[in-house]
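Step one of this worksheet: look at the structure below.
In this chain, residues are counted from 1 in sequence order.
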Amino acid sequence: MLKIVAAALVALVLLIFGFVWFSGKSPALKFVQPLTAVGSATPVSVEVQDPHGLKSFTAQLEQDGQTEVLMADKKATSEPVRIYGFLAGKKQAAFLKEGSATLVVTAKSNDFRGATQDLTQKVQVILRPPTIVADGRQHYINQGGAELVTLDLGGNWTDAGVRSGKYTAGTFAMPGQPANSNHRFSLFPYPWDLSPDVEPVAYVRNDAGTEVTASFWVKVFPKQFRKSDIQLSDRNLQKVVGELDPDGTGSLIDRFVKINREMRKTNAQTIYDLRTNTEHRILWAGPFIPIKGTRESYFADDRSYYYQGKKVDEQVHLGFDLAQTTNMNVTAANSGKVIYADRLGIYGNCVVLDHGYSLQTLYGHMSRIDVKVGDMVQKQQHIGVSGATGMAFGDHVHFSMLIAGVQVNPIEWWDEHWIKDRILSKIGSSAEQAAAPTSVPGVEAEHAHKKKHKR
């Protein structure tokens with residue numbers, strides 16, 4: 001009898017052991033960011049998932065039979081998800097030379113079985129930094145406006161552009177050059193909310209994360225932007241909330257403020273994400289033609305919203321509100337390609353046109369859209385009808401211009417002289433020919449130069 005009981009206990013122990021052993025899972029590893037190269041000291045992040053936590057984590061770099069341990073963490077943890085960060089490169093592994101190498105990371109589970117899992121990644125070792133030289137021109141920039149700088153790049157590079165504070169704009173090959181040309185330009189915004197003391201900086205990076213910067217001569221002209229007060233009525237609130245938040249809960253004013261803040265931010269991200277949907281060529285010709293109508297608001301108006309005598313919100317209005325008659329004809333400010341034609345939150349029925357090289361125009365609050373995504377439209381071609389959709393209290397068109405996904409003051413682009421002086425003259429005769437003005441009867445640019453460089 002005792003033998004039977006002992007055998008049963010052994011069987012039970014083996015069963016439990018087997019269950020624990022085979023039910024254990026190996027850790028799951030992945031790189032937080034794609035990794036294809038390392039340089040002098042490239043930051044690497046690895047995410048590890050294991051329901052039991054980890055007993056240890058190691059990372060090592062191998063090349064031509066030599067190995068260097070980059071990280072060895074033997075402190076057990078019960079965290080089911082953890083991110084490990086370390087540096088990989090020549091500073092950590094002195095034997096590295098340019099060419100192929102292998103990064104191996106290993107994680108050991110904190111369960112009974114202690115299963116291990118490797119993640120192996122082939123990387124290129126890039127030790128020579130890229131080079132960048134900005135042009136020697138004088139760059140005069142309006143706060144809230146735009147500028148163009150030409151750049152000569154060299155070495156192994158994957159990304160380049162201009163950074164102004166928290167904003168960045170990429171580069172394009174000079175017109176007529178192959179897409180991977182080292183002779184490039186950056187059409188970049190200088191946003192309204194940047195301090196005039198912020199100097200734009202050109203940069204270039206390679207796959208290893210090595211960044212080199214170059215400064216260039218700039219003078220920024222500060223601008224004073226308008227402030228305005230908007231008195232909200234129950235009718236205004238009901239109109240906006242009923243259209244944009246029909247199933248929401250809470251008071252009308254609370255729902256309005258939420259729309260004005262959160263939906264505005266979401267819509268701005270949608271617009272920003274369109275920046276890469278752009279032709280690498282000029283689609284426009286001559287100055288941009290403003291929509292006819294009275295300007296009811298201006299670029300970068302700082303709006304304070306009041307309800308029942310109390311300030312309830314403050315937002316910046318980026319663009320122009322233009323009104324003439326109810327259901328007026330909305331026309332394209334210049335030739336381009338339709339990349340958005342749909343509802344867009346506070347902008348209501350909205351159309352976005354791409355004009356090439358990340359230059360885009362936006363038309364909002366329309367009652368009807370008469371174009372579709374993919375359409376090529378000509379300058380002053382009909383694209384829709386004005387209205388009051390979205391966050392609009394009356395019939396008008398919201399018109400904006402964007403560069404690299406950032407809204408800029410349209411006035412500069414209504415001025416043929418500014419376009420030629422600040423943009424086209426820097427990127428060659430082929431670009432000037434592509435953007436040669438087209439005749440539009442009865443229309444003149446609104447913004448004439450009086451001082452050549454104060455734009």
Side-chain angles (χ1 to χ4, degrees), residues 145-150 161 169-179 181 184-189 270-291 319 329-342 350-364 366 369-384 397 399-440 443 445 447:
E147 179 59 6
L148 186 148
V149 61
T150 59
T171 65
F172 300 93
M174 293 288 280
Q177 297 290 317
S181 171
R184 308 180 73 78
F185 71 90
S186 180
L187 176 61
F188 65 94
T270 299
I271 294 168
Y272 180 74
D273 291 342
L274 292 171
R275 71 194 185 284
T276 57
N277 188 1
T278 187
E279 296 285 326
H280 291 212
R281 60 192 177 104
I282 290 178
L283 301 180
W284 47 275
F288 285 67
I289 305 301
I291 298 169
N329 184 37
V330 179
T331 58
N334 217 316
S335 303
K337 180 180 180 180
V338 180
I339 60 171
Y340 191 94
D342 205 343
C350 178
V351 170
V352 179
L353 303 181
D354 173 54
H355 304 283
Y357 294 135
S358 83
L359 177 62
Q360 298 169 346
T361 52
L362 180 150
Y363 312 77
M366 292 192 288
I369 295 173
D370 291 329
V371 290
K372 64 183 184 301
V373 172
D375 286 351
M376 300 298 295
V377 299
Q378 297 302 310
K379 190 176 192 176
Q380 290 217 299
Q381 178 179 324
H382 172 85
I383 61 172
V397 177
F399 175 76
S400 296
M401 293 198 69
L402 305 103
I403 293 173
V406 178
Q407 301 202 44
V408 296
N409 197 333
I411 287 179
E412 295 175 333
W413 295 91
W414 295 343
D415 185 341
E416 183 177 349
H417 179 80
W418 181 89
I419 292 173
K420 185 171 183 179
D421 183 46
R422 308 312 308 164
I423 308 298
L424 298 179
S425 66
K426 301 174 184 177
I427 54 177
S429 58
S430 60
E432 293 198 52
Q433 291 171 6
T438 56
S439 177
V440 181
V443 178
H447 188 57

State, to 0.1 Å, how close Leu187 and Leu359 come at their nearest heavy-atom pair, and which atoms those are. CD2-CB, 4.5 Å
Between Gln407 and Met401, does the side-chain contact (heavy atoms from CB on, under 4.5 Å) criterion hold? Intermediate values first, please. CA-CA 6 Å; Gln407 301 202 44; Met401 293 198 69; over 6 Å; no
Check step by step if side-chain contact (heavy atoms from CB on, under 4.5 Å) holds for Ile383 and Tyr363. CA-CA 9 Å; Ile383 61 172; Tyr363 312 77; 3.8 Å; yes
Is it the case that the side chains of Ser335 and His355 hold a donor-acceptor pair, with the cut-off being a distance below 3.5 Å and no angle test? no
Taking all atoms of both residues into account, what is the closest heavy-atom pair of Thr278 and Tyr357, and its distance? OG1-N, 3.3 Å
Which atom of Leu362 lies closest to which atom of Cys350, heavy atoms considered: CG-SG, 3.7 Å
What is the minimum heavy-atom distance between Ile291 and Thr331, and which atoms define it? CG1-O, 4.1 Å
Who passes side chain to side chain donor-acceptor pair (under 3.5 Å) against Gln360, sequence neighbours left out? none
Check: Tyr272/Thr270 side-chain N/O donor and acceptor closer than 3.5 Å: no
What's the shortest heavy-atom distance between Lys337 and Glu279, and which atoms? NZ-OE2, 3.6 Å
Would you compute the distance between atom CD1 of Ile403 and atom CD of Glu412 and round it to the nearest 0.5 angstrom? 7.5 Å
Evaluate the criterion side-chain contact (heavy atoms from CB on, under 4.5 Å) for residue pair Thr150 and Arg184; output intermediate values, then yes/no. CA-CA 6 Å; Thr150 59; Arg184 308 180 73 78; over 6 Å; no
If the condition is salt bridge (charged side-chain N to carboxylate O under 4.0 Å, His left out), which residues does Asp342 pass it with, not counting sequence neighbours? none
For Gln381 versus Met376, what's the shortest heavy-atom pair and its separation? OE1-O, 4.2 Å
Could you go step by step and tell me if Val330 and His382 meet the side-chain contact (heavy atoms from CB on, under 4.5 Å) rule? CA-CA 6 Å; Val330 179; His382 172 85; 6.0 Å; no
About how many Å separate OH of Tyr340 and CG of Asp354, when rounded to the nearest 0.5 Å? 16.0 Å
